[in-house]
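Excluded from the calculations below are hydrogen atoms, water molecules and symmetry mates; all remaining heavy atoms, backbone and side chain alike, are included.
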Amino acid sequence: MQTISENTCFGGVQGVYRHLSEVCACEMTFGLYLPPQARSGPVPVLWYLSGLTCTHENAMTKAGFQQHAAHRGIAIIFPDTSPRGEGVADDPDFALGQGAGFYVNATQDPWAPHYRMYDYVLKELRDLVMNRFPLTDSHGITGHSMGGHGALTLAMNHPDKFASVSAFAPIANPTASDWGRVQLAAYLGEDKTAWQAHDATVLVRSRGWPRDMLIDQGTSDQFLELLKPEALSAALATARIPSVFRMQPGYDHSYFFVSTFAKDHADWHADRML
């Protein structure tokens, strides 16, 4: 693993690292913030999954999580959103290809050789950071937009791996949305039964979640019709899953929205991981 940079931040260290991923068959880059408490021993870690077009860097520099993480004594990990580099399949449409991995394991060409972000986040990167940094086995997961979709689906499919889950403006019902149907068909094929494990609304109905969850969504989000928050909200109510689902008046889909409520989400996870 190569250290790209390490900077002191709120008494801790914001690092950026690169490694050769066997799962994605390319080099992958990620950010990891270690709070000052990590100097005294292992700390819990919150995973932040970013949205379409983002890299590891967007939330790391725009969301403001480090201050809140330092206050609560938790680490934050910022994975990339897809495999990248020469030889990695891409598409000129921003919603597919590099920057748009959708946190699935692709089974279709030309995506299958590299686009395995599900296993990358859940297994390979998790094992790497656990072996190299002072982290405990207590993990939470959150994310924005496509990353909110990834956070919810990974958590509900693996409740043993995550103590807590939240999301910012998640793609909540991708099997019923143009932000989902196109990507799931491209990555997983036309058999829609393979899509079910990657739809938060469907998973709420079929698997549920044994704890509570926090969702924030802006009422002025320009992508509301694609995100379909009402489907997830209704499913949570029907399944009687304890949840805080907040429609935030006036907020759009930007990092101004994410940064405004980053403290609430950091505290939510810290309260459940510590």
Side-chain angles (χ1 to χ4, degrees), residues 1-7 9 13-34 38 45-63 65-66 69 75-91 93-135 139-155 157-158 161-162 171 183 186-188 198:
M1 190 178 70
Q2 178 185 0
T3 299
I4 304 302
S5 62
E6 288 184 332
N7 298 95
C9 182
V13 176
Q14 176 62 65
V16 177
Y17 308 95
R18 183 177 295 136
H19 70 107
L20 181 61
S21 167
E22 293 183 7
V23 168
C24 295
C26 64
E27 286 193 329
M28 296 291 289
T29 303
F30 67 94
L32 176 67
Y33 177 71
L34 287 175
V45 58
L46 174 61
W47 293 74
Y48 181 96
L49 305 186
S50 289
L52 288 166
T53 76
C54 291
T55 69
H56 69 282
E57 189 175 23
N58 295 72
M60 189 182 80
T61 59
K62 295 179 180 179
F65 269 104
Q66 292 90 342
I76 310 280
I77 185 166
F78 304 96
D80 203 346
T81 55
S82 77
R84 298 180 190 273
E86 186 177 351
V88 176
D90 199 10
D91 190 283
D93 181 356
F94 77 94
L96 192 66
Q98 295 188 33
F102 262 77
Y103 305 101
V104 301
N105 289 335
T107 59
Q108 307 299 303
D109 290 332
W111 316 106
H114 299 282
Y115 283 75
R116 301 184 58 80
M117 292 301 295
Y118 190 93
D119 279 355
Y120 176 70
V121 171
L122 186 69
K123 299 176 182 179
E124 186 179 40
L125 185 55
R126 184 184 180 111
D127 288 346
L128 176 66
V129 297
M130 289 292 290
N131 288 330
R132 297 293 293 269
F133 298 98
L135 305 173
H139 291 228
I141 190 166
T142 188
H144 174 230
S145 193
M146 179 186 72
H149 139 80
L152 292 171
T153 56
L154 282 164
N157 282 317
H158 301 278
K161 298 285 189 181
F162 299 100
I171 300 176
Q183 294 85 354
Y187 292 139
L188 302 177
H198 303 286

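The two residues Ala75 and Leu34 have their closest heavy-atom pair at CB-CD2, 4.1 Å. Nearest heavy atoms, His149 versus Ile171: CB-O, 3.4 Å. Here the closest heavy-atom approach between residue Leu188 and residue Ala106 is recorded as CD2-CA, 4.4 Å. The minimum heavy-atom distance between Ala155 and Phe162, with the atom names listed, is CA-CD1, 3.9 Å.
None of Asp80, Val16, Val121, Val129 except one satisfies the side-chain contact (heavy atoms from CB on, under 4.5 Å) rule with Phe30; the exception is Val129. Each of Cys24, Pro113, Pro83 was checked for a side-chain contact (heavy atoms from CB on, under 4.5 Å) with Val88, and the lone residue meeting it is Pro83. Partner of Ile77 under the side-chain contact (heavy atoms from CB on, under 4.5 Å) criterion, out of Val45, Leu135, Leu46: Val45 alone. Between His198 and the options Phe102, Tyr103, Tyr118, a ring pair (Phe, Tyr, Trp, His ring centres under 6.0 Å) holds for only Tyr118.
Classification of the Trp111-Tyr187 ring pair by plane angle, with boundaries at 30° and 60°, yields perpendicular.
Here the side chain of Thr55 pairs a donor or acceptor atom with the backbone of Glu57 at under 3.5 angstrom. With hydrogens and angles ignored, the 3.5 Å screen pairs a side-chain donor or acceptor of Asn131 with a backbone N or O of Asp127. The backbone N or O of Val23 sits nowhere less than 3.5 Å from a side-chain atom of Asp119 that would complete a donor-acceptor pair. The backbone N or O of Cys54 lies less than 3.5 Å from a partner atom in the side chain of Thr81, making a donor-acceptor pair. Under a 3.5 Å cut-off, the side chain of Ser82 and the backbone N or O of Gly99 do form a donor-acceptor pair.
Interatomic distance, His139 NE2 to Leu154 CG, rounded to the nearest 0.5 Å: 13.0 Å. To the nearest 0.5 angstrom, Gln98 atom CD is 8.5 Å from Cys26 atom SG. In this structure, CD in Glu27 is found 6.5 Å from CG in Leu20, a value given to the nearest 0.5 Å. Put simply, CD1 on Ile141 and NE2 on His158 are 10.0 Å apart, with the number rounded to the nearest 0.5 Å.
Counting heavy atoms from C-beta on, the side chains of Phe78 and Ser50 never come closer than 4.5 Å. Here the side chains of Met60 and Tyr48 are not in contact, with every heavy-atom distance at 4.5 Å or above. Contact annotation: the side chain of Leu96 never approaches that of Asp90 to less than 4.5 Å [non-hydrogen atoms, C-beta and beyond]. With contacts defined as side-chain heavy-atom distances shorter than 4.5 Å, the pair Thr142/Leu49 does not qualify. Put simply, the side chain of Arg116 does not reach to within 4.5 Å of the side chain of Glu22, judged on heavy atoms. Inter-residue side-chain proximity for Gln2 and His19 is flagged as unmet; no heavy-atom pair is nearer than 4.5 Å. With a 4.5 Å cut-off on side-chain heavy atoms, Met1 and Leu128 count as touching.
Residues satisfying the salt bridge (charged side-chain N to carboxylate O under 4.0 Å, His left out) criterion with Arg126, sequence neighbours excluded, are absent altogether.
For Tyr33 and Phe65, the distance between ring centers is not under 6.0 angstrom.
Atom CD of Gln108 is surrounded by more than 12 heavy atoms from other residues, nucleotides or ligands within 6.0 Å.
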Let me see the working for Glu6 and Tyr17 under side-chain contact (heavy atoms from CB on, under 4.5 Å), right down to the final yes or no. CA-CA 9 Å; Glu6 288 184 332; Tyr17 308 95; 2.7 Å; yes
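At a cut-off of 3.5 Å, with distance as the only test, a side-chain donor of Glu124 or Ser21 sits close to an acceptor on the other residue. Checked by atom type, the side-chain pair Gln66/Gln14 shows a donor-acceptor distance below 3.5 Å.
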